[in-house]
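I have placed the structure first, in the form of structure tokens, so that the comments after it can refer back to it.
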Amino acid sequence: MVIETKGEHLKNDDSNRKIRLGRAWANMSGNGYRYYMVFEDNVTPPDGAVTLSELVRILEKL
């Protein structure tokens, strides 16, 4: 599992590229691999990223 944390000041086009790259890595690596880009709860994350609260809910289900 790769968890990349970000603050609002790092929400940019580079983040969108990293989300695509992280998803490609996880898909190519197999079912046991995950990639999450995580932003603080008070930040609306870009598509494909999650907030810290969302990540906690995801991890509880794994």
Side-chain angles (χ1 to χ4, degrees):
M1 181 177 299
V2 174
I3 298 172
E4 184 173 354
T5 59
K6 298 281 190 174
E8 185 168 17
H9 65 287
L10 296 172
K11 184 177 158 183
N12 53 39
D13 288 337
D14 187 52
S15 295
N16 294 327
R17 285 189 293 274
K18 286 183 177 180
I19 291 168
R20 288 191 303 272
L21 179 63
R23 284 186 168 180
W25 168 81
N27 289 336
M28 293 175 74
S29 297
N31 289 336
Y33 294 84
R34 307 273 193 286
Y35 171 82
Y36 298 101
M37 181 176 287
V38 182
F39 283 82
E40 299 164 327
D41 284 334
N42 60 344
V43 176
T44 302
D47 289 340
V50 296
T51 63
L52 180 56
S53 294
E54 291 171 318
L55 178 66
V56 169
R57 286 191 291 276
I58 291 167
L59 295 177
E60 288 174 343
K61 293 178 182 180
L62 293 180

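Counting begins at 1 with the first residue of the sequence. Model, not experiment: these values are computed from the prediction.
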Next item on the list: Could you tell me whether the side chain of Leu62 reaches within less than 4.5 Å of the side chain of Arg34, counting heavy atoms only?
Entry: yes
Next item on the list: Write out all pairs satisfying ring pair (Phe, Tyr, Trp, His ring centres under 6.0 Å) with one or both partners inside residues 11-45, taking only residues at least two apart or from two chains.
Entry: Trp25-Tyr33
Notebook entry, point to check: Within a reach of under 6.0 Å around CE of Met1, are more than 12 heavy atoms found that belong to other residues, nucleotides or ligands?
Noted result: yes
Next item on the list: Find out if a path of hydrophobic residues (ILVMFWY) with successive side-chain heavy-atom gaps under 4.5 Å connects Val2 to Val38.
Entry: no
Check: Which atom pair, heavy atoms only, marks the closest approach of Pro45 to Glu54?
Finding: CG-OE1, 4.4 Å
Note to self: I'd like to check the side chain to side chain contact (heavy atoms under 4.5 Å, CB included) partners of Asp13; sequence neighbours left out, ordered by chain and number.
What the structure shows: Asn16, Arg17
Next item on the list: Quick one: list whatever passes salt bridge (charged side-chain N to carboxylate O under 4.0 Å, His left out) with Lys18, sequence neighbours left out.
Entry: Glu4, Asp14
Next item on the list: Kindly compute the distance separating NZ (Lys11) from NZ (Lys6), expressed to the nearest 0.5 Å.
Entry: 12.5 Å
Check: Say you draw a straight line from CD1 of Ile58 to CD1 of Ile3; how long is it, rounded to the nearest 0.5 Å?
Finding: 9.5 Å
Note to self: Tell me every residue that passes side chain to side chain contact (heavy atoms under 4.5 Å, CB included) with Ser53, counting only those two or more places apart in sequence or in another chain.
What the structure shows: Asp41, Thr51, Arg57
Next item on the list: Using the ring pair (Phe, Tyr, Trp, His ring centres under 6.0 Å) rule, collect all pairs that involve residues 42-62, keeping only residues at least two apart or in two chains.
Entry: none
Checklist line | hydrophobic_cluster_shared for Met37 and Val43, side chain cutoff 4.5 Å | finding: yes
